[in-house]
Amino acid sequence: MNLSAPRLLTFALSFALIGLAVASMYLKIPTVGKFVAGHRTEFFVGAYAVLALGVLSRRL
């Protein structure tokens with residue numbers, strides 16, 4: 001199994017998902033705040049999964 005650094009887009013997407021989840025804990029996000037706050041755990045797991053797929057796959 002060859003591991004590689006994720007692409008910048010993959011890392012940015014993961015970082016954005018984590019950022020939304022953390023920001024929803026402290027701030028009121030106007031457009032998607034209720035959805036993010038209701039599914040915060042899924043955002044954390046999704047961000048980790050995106051980053052893990054980026055490390056495992058060369059194309060991501």
Side-chain angles (χ1 to χ4, degrees):
M1 177 184 303
N2 293 331
L3 301 178
S4 63
R7 288 185 169 177
L8 182 61
L9 181 63
T10 306
F11 181 76
L13 177 63
S14 176
F15 191 74
L17 289 173
I18 287 287
L20 277 173
V22 171
S24 73
M25 291 176 12
Y26 301 109
L27 304 170
K28 289 185 179 180
I29 304 171
T31 306
V32 294
K34 288 184 180 181
F35 180 78
V36 174
H39 300 283
R40 189 176 299 133
T41 304
E42 288 86 357
F43 271 77
F44 281 120
V45 171
Y48 182 74
V50 166
L51 192 59
L53 285 173
V55 169
L56 293 174
S57 173
R58 291 181 187 251
R59 301 188 92 192
L60 292 177

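Every heavy atom of this structure was used, including side-chain atoms; hydrogens, water molecules and symmetry mates were not.
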According to ring-ring contact (aromatic ring centres under 6.0 Å, His included), does anything in residues 37-60 pair up with another residue at least two apart or in another chain? List the pairs. F35-H39
Please list, one pair per line, the donor and acceptor atoms closer than 3.5 Å that link side chains of residues 18-31 to other protein atoms, with sequence neighbours excluded.
{"unit_1": "S24", "atom_1": "OG", "unit_2": "A21", "atom_2": "O", "d": "2.8"}
{"unit_1": "S24", "atom_1": "OG", "unit_2": "R40", "atom_2": "NE", "d": "3.1"}

Minimal heavy-atom distance between G46 and L17, with the atoms involved, is C-CD1, 4.2 Å
Determine, using the 4.5 Å side-chain heavy-atom cutoff (strictly less than), whether V45 and V50 are members of one ILVMFWY cluster. no
Could you list who else is in F11's hydrophobic cluster, with ILVMFWY side chains joined at under 4.5 Å, directly or through other members? L51
Would you name the heavy atoms of A47 and S14 that are closest together and state the gap between them? O-OG, 3.0 Å
